[in-house]
Amino acid sequence: MSCGSRGRRVAAVAAETLQAAQAGADAVVVGYAPLDVASDPEHAFAGAPLHPDGNVLRHIALRHGRPVRVRRDGTPVEEVVVEGLYEVPAQYQANPATDAALALPSPDGGVELHVASPYPHSDRDQVAECLGLPAGMVRLMPTGAGGCSGTREDVGLTAVVGLLALRTGRPVKAVLGREESRVAGGHRHAARMKYTHRADRDGRLLAVEAQIILDGGAYAGVSPEVIGRLVGCAAGPYMVPHAAVDAWAVRTNNPPAGAMRGPGAVQVCFAYEAQMDKLAYALGMDPVELRLRNALSTGTMLTTGQILDGPVPVGTALRAVAEAAPPAAPPAPGTLRGVGYAVGLMPLLGIEGADESSTATVRLDRGVVTVTCAAVEVGQGFVTLVRQIVDEVLGVPDAIVLQAGTALPTAGSPGVGRHTWLTAGAVEQAAREIRERLLAPVAARYGMTARLLDVRGGRIRSYDGLIDLSVDVMYEDTATVTTAGACRAPATEPLDDAGQGNAYPAVAFSACRVVVDLDPDLGTIRVVDVTGAYDAGRVLDPAQARVRVESSVAMGVGLALTEDPETDWTPPGTWDLPPVRIAAWIEEPQPGAPFGAKGLADAAIVPVPAAVAAAVRDATGFELPRLPLRPRDVVLD
């Protein structure tokens with residue numbers, strides 16, 4: 001049995017110079033025993049097992065509701081049925097910096113690691129297991145992971161430099177090249193999907209049936225969790241009386257898949273939104289109207305049986321993009337213009353009973369605030385968010401946010417809005433405790449409670465405007481105050497054998513409209529405009545929020561148009577990216593989240609590839625069931 005794949009480490013060489021290390025690596029001779037390669041995920045079902053546990057990493061057979069055969073008045077329902085086969089390839093993360101790690105042997109026989117890790121505690125535990133050391137003898141210091149979008153979960157490089165440092169007793173550093181990083185890193189799961197949608201003649205959805213296979217690659221990784229997210233999104237943000245969805249993640253000998261922005265939701269959105277366009281065409285309906293007619297709203301139910309009791313602004317988001325002004329520039333001569341719409345949803349935080357929490361310590365010393373926590377800034381704007389929370393609660397605009405390692409309690413991974421909710425929530429709680437403590441004596445002087453005072457812009461003001469003081473009076477009697485805060489995710493439960501259960505702490509939604517111009521002779525596609533509306537809860541920093549959306553649009557356009565693992569993998573350049581317009585920030589606060597804010601980037605990417613495909617479909621009339629859309633796919637005869 002073997003579960004290996006290309007890009008796995010088989011030998012390690014340490015040397016004092018790069019040239020000597022390369023010479024040593026060239027001298028290594030490895031003998032391989034050729035085995036049958038399982039590269040097609042569909043063949044993995046019947047193929048030889050690659051692991052003692054078999055090739056199926058997880059299977060969920062979701063069954064929801066019952067088929068609708070008759071109307072309430074007893075008359076039979078006339079069904080309109082559309083079907084489709086869809087394929088989404090693997091997608092490389094393309095971090096701005098490639099993977100690198102530095103290992104320093106410790107006097108106690110352990111090792112200190114400096115690595116761009118988004119989740120240092122998990123990496124520490126995995127490396128300790130690889131090295132045969134107690135977790136306490138491995139200390140990991142994250143160096144920052146700017147531009148990380150869910151990757152850097154593979155600890156192979158970190159474990160190798162740790163092992164070499166222990167064996168040599170000397171510091172060891174390794175840096176991967178771009179191609180090495182691409183092969184070794186975790187990718188978005190490739191997916192194959194078969195869908196059947198059923199609706200009545202009025203455009204009301206009756207049923208969604210789907211069979212979905214994800215290529216998990218050589219190792220289990222996060223595939224079981226991705227499947228758990230995927231099934232809740234498989235029917236889209238629509239009310240569906242009956243759903244039958246079978247979703248599998250399987251092992252292959254392909255490079256391992258990992259978490260990438262919008263895990264699982266991006267793939268199924270491409271399929272279910274193509275189905276909605278097909279259904280609109282079959283019914284002779286406007287595609288926006290069809291979506292609005294079936295949109296989820298607060299109090300409705302996902303196909304997992306979970307009632308959505310938080311904000312569900314699906315209709316609001318879709319109307320915002322549909323009513324936004326079109327691009328000012330007309331199509332270029334000789335090109336075809338197409339317009340496409342898509343709506344997506346994304347479960348946030350840990351799912352299916354994950355016990356997630358985060359802690360943070362806030363220290364105020366003579367007007368200077370220092371925040372300490374184990375959350376890593378990976379480009380999601382966490383440090384900016386923390387500073388804004390401290391400014392809003394304590395009136396101090398320039399908080400110091402310390403980069404901490406595994407010496408502190410874990411803050412979890414940064415994906416799907418965890419730090420925006422949990423770690424920022426812990427910071428908010430600690431800051432509010434300090435605020436209450438310091439404002440109490442100030443309020444007592446004026447015969448009121450601290451809750452009647454507001455701290456903003458360096459001033460303390462009362463609700464009636466009679467008190468207006470400098471924030472410095474808070475610090476007159478107290479030199480230093482230190483408080484710890486904690487925030488825990490809402491309770492959830494695992495999905496049962498029928499894929500039913502309250503598995504998701506919260507769900508975020510987004511909608512976008514894409515406009516493309518297509519050259520019918522060359523097959524070239526130019527995205528002219530992307531207009532989006534985003535369920536943000538509350539936008540604390542509009543500039544940072546826009547950056548998150550623009551990065552998600554770039555990633556979605558790359559998946560839709562330029563990134564083809566089978567030919568020439570090319571991420572989009574600045575010349576490939578259109579203007580991104582915000583039709584609406586939908587600020588309906590999420591209960592329990594700090595200031596009501598939600599994570600933004602994961603939900604923002606979900607509808608982008610689907611909307612690009614819809615726009616090209618509108619321009620050509622072609623079915624376009626596979627991403628990326630290549631020139632040969634869209635050339636008109």
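The figures here come from the full heavy-atom set of this structure, side chains too, leaving out hydrogens, waters and symmetry mates.
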Legend entry - Rounded distance (nearest 0.5 Å) linking atom CG of L627 with atom CG of D564: 10.0 Å

Inset, instruction - Indicate yes or no for a side-chain donor-acceptor contact from N55 to the backbone of V250 under 3.5 Å, with no hydrogens or angles considered. - result: no

Legend entry - Side chains of Q275 and Y86, donor plus acceptor under 3.5 Å: yes

Legend entry - salt_bridge(E209, R198) N-O dist < 4.0 Å: yes

Inset, instruction - Tell me, with the steps shown, if R526 and V516 meet side chain to side chain contact (heavy atoms under 4.5 Å, CB included). - result: CA-CA 6 Å; R526 186 171 72 92; V516 302; over 6 Å; no

Inset, instruction - Tell me yes or no: between the side chains of D215 and H189, is some donor less than 3.5 Å from an acceptor? - result: no

Inset, instruction - Please report the C-alpha distance between Y195 and H197 in whole Å, then the side-chain angles of each, then the deciding distance to 0.1 Å, and finally whether the ring-ring contact (aromatic ring centres under 6.0 Å, His included) criterion is met. - result: CA-CA 7 Å; Y195 267 81; H197 276 55; 5.8 Å; yes

Legend entry - Closest contact, heavy atoms only, D633 versus F622: O-CD1, 3.3 Å

Legend entry - Enclosure of F45 CZ (heavy-atom neighbours >12, cutoff 6.0 Å): yes

Inset, instruction - Write down the atom of L205, the atom of M239, and the distance for their closest heavy-atom approach. - result: CB-O, 3.8 Å

Legend entry - Short N-O contact, D277 and R291, less than 4.0 angstrom: yes

Legend entry - V245, V266, L345 screened by side chain to side chain contact (heavy atoms under 4.5 Å, CB included) with C233, the one that passes: L345

Inset, instruction - Mind checking the CD1-CG spacing from I525 to L518? Nearest 0.5 Å is all I need. - result: 5.5 Å

Legend entry - L308 side, atom CG; N502 side, atom CG - distance, nearest 0.5 Å: 10.0 Å

Inset, instruction - Kindly check if the number of other-residue, nucleotide or ligand heavy atoms within 6.0 Å of CZ (R66) is above 12? - result: no

Inset, instruction - Show your reasoning for whether side chain to side chain contact (heavy atoms under 4.5 Å, CB included) applies to I212 and W248. - result: CA-CA 6 Å; I212 301 162; W248 296 267; 6.0 Å; no

Legend entry - Polar contact flag, side-chain donor to acceptor under 3.5 angstrom, D123-S117: yes

Legend entry - Worked check of side chain to side chain contact (heavy atoms under 4.5 Å, CB included) between Q267 and R188: CA-CA 9 Å; Q267 294 92 319; R188 186 183 301 282; 3.5 Å; yes

Legend entry - Atom NE2 of H43 with >12 non-hydrogen neighbours under 6.0 angstrom: no

Inset, instruction - Answer yes or no: are there more than 12 heavy-atom neighbours, outside E129 itself, under 6.0 Å from its atom CD? - result: no

Legend entry - Salt bridge flag under 4.0 Å for residues E356 and R418: yes

Legend entry - Residues R63, D496: salt bridge by 4.0 Å N-O rule: no

Legend entry - Pairwise distance CZ(R261) to CE(M555) - rounded to 0.5 angstrom: 4.5 Å

Legend entry - Candidate list D618, V321, V514, test side chain to side chain contact (heavy atoms under 4.5 Å, CB included), partner Y341, passing option: V321

Legend entry - Side-chain ion pair, E563 and R630, N-O less than 4.0 Å: no

Inset, instruction - Would you mind telling me which of P263, P237, P607, S510 makes a side chain to side chain contact (heavy atoms under 4.5 Å, CB included) with M346? - result: P263

Legend entry - Within 6.0 Å of CG in D53, more than 12 heavy atoms from elsewhere: yes

Legend entry - Pairwise distance CG(L629) to CG(L624) - rounded to 0.5 angstrom: 5.5 Å

Inset, instruction - Hey, could you give me the CE/OH distance between M276 and Y238, rounded to the nearest 0.5 Å? - result: 4.5 Å

